[in-house]
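A, B, ... follow the sequence lines: proteins, then strands. Residue 1 opens every chain. No hydrogens, no waters, no symmetry mates; every other heavy atom, side chains included, goes into these values.
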2 protein chains.
Amino acid sequence: MLVPDTYAANCPTRLVLDRIADKWAVLVLALLAQGPLRFNALRRRIEGVSQKMLSQTLKGLERDGLVRRTAFPTVPVTVEYAITPLGATLAERVELLRDWAEQHIAAVQAAQARYDQAA
Amino acid sequence: MLVPDTYAANCPTRLVLDRIADKWAVLVLALLAQGPLRFNALRRRIEGVSQKMLSQTLKGLERDGLVRRTAFPTVPVTVEYAITPLGATLAERVELLRDWAEQHIAAVQAAQARYDQAA
DNA sequence: CCGGAGTGGTATCCAATGGAAACCAGATGC
DNA sequence: GCATCTGGTTTCCATTGGATACCACTCCGG
């Protein structure tokens, strides 16, 4: 395999794909790109996310170096999540997907209606 | 809600996000962007995909108008999947994510190693 | 002084999802 | 005659995701 093959299971880019192919991670990244937020602030902004998934998602993003977690020893403890420079470069690309969604959502919904009609 | 809010559960862009947040769909789209392929050709190119998931994924992409399915009445039946113009515009954006992955995979893996070391 | 709420999570349970494998019909190759 | 190819569907089981409860701690209102 001289040329890296994204479609091979062992290709490292598949690992990154797994991260992008995580609905909650994408939403968190897009939000943090606009500025740091605390745990419960994120939870309130992202409708439908459970505490478990948010906690899990943030842990994953931190591990990948896309998000930085900072805990302040206040009472009660305050935890702030901020995007890293690396994460910001990814968020840029993700933003392009959001733009695509907004531009083409009508076309997709029309296609779905046509498909369901035929069935 | 005057400004559309991607983070609201009922926002239609969340539907598109769900499609993008599908590992197999992204891989299929990226492959078909290079040219039409038959079912088993896709299966062989995408390492690790099961027949069930490939069939399911293709059905979804067809429903969304991103992929066109054509069956030829040969024996045995030949089915060809091709990307649509709409799908091509999305594949473009997805390609940018793949580029990001290739460029920054080393940084991500380094971050993971650091994180796991600390734990 | 006694709830109730807010902090950032973890633990537990159950439904839904994903993957592995078998099976299908029909024809072709050996 | 048996395996193999076509493009799937069906069945079963492991993993995952979501809902809910709970944790320790403190502040605030009554």
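- Atom CD in Q51(A) sits about 7 Å away from atom C1' in dG9(C), given to the nearest Å.
- Nearest to the side chain of R69(B), among dG8(D), dG18(C), dT7(C), sits dG8(D).
- Phosphate contact (OP1/OP2 of dG7(D), side-chain N/O of R44(B), threshold under 4.0 Å): absent.
- Taking atom CZ of F39(A) as the reference point, atom P of dG8(C) lies 8 Å away to the nearest angstrom.
- The pair E95(B)-R98(B) counts as a salt bridge, with a side-chain nitrogen and a carboxylate oxygen less than 4.0 angstrom apart.
- In the set dG18(D), dA22(C), dT10(C), the nucleotide with an atom closest to the side chain of S55(A) is dT10(C).
- One interatomic measurement links the two molecules: NZ of K59(B) to P of dG8(D), which rounds to 8 Å at whole-angstrom precision.
- Checking dA22(C), dG18(D), dA20(C) against every side-chain atom of S50(A), the shortest atom distance belongs to dG18(D).
- Look at K23(A) and you won't find any side-chain N or O under 4.0 angstrom from OP1 or OP2 of dT16(D).
- With rounding to the nearest 0.5 angstrom, the CZ atom of R93(B) is 12.0 Å from the CZ atom of R93(A).
- OP1 or OP2 of dG7(D) has not a single side-chain nitrogen or oxygen of R43(B) nearer than 4.0 Å.
- Counting only distance, with no hydrogens or angles, the side chain of T78(A) and the backbone of F72(A) share no donor-acceptor pair below 3.5 Å.
- Within the 3.5 Å criterion, the main-chain N or O of Q51(B) finds no donor-acceptor partner in the side chain of S55(B).
- Comparing L58(A) and K52(A) by the nucleotide of DNA chain C that holds the closest heavy atom to each, the one mapping nearer the 5' end is L58(A).
- In this structure, CE of M53(B) is placed 17 Å from P of dA16(C), rounded to the nearest angstrom.
- For the atom pair CG (L17(B)) and CH2 (W24(A)), the distance works out to 9.0 Å, reported to the nearest 0.5 Å.
- A straight line from CH2 of W24(B) to P of dA20(C) spans 9 Å, rounded to a whole angstrom.
- For P76(A) and D22(A), each mapped to the nucleotide of DNA chain D holding its nearest heavy atom, the one lying further toward the 5' end belongs to D22(A).
- The distance from atom CD1 of I46(A) to atom P of dG8(C) is 14 Å, rounded to the nearest whole Å.
- Atom CD of Q56(A) and atom C1' of dT15(D) are 12 Å apart (whole Å).
- Among the protein residues, F72(B) comes within range of no part of the nucleic acid, since none of its heavy atoms lies under 4.0 Å from any strand.
- Rounded to whole Å, the distance from CD on E62(B) to C1' on dG7(D) is 14 Å.
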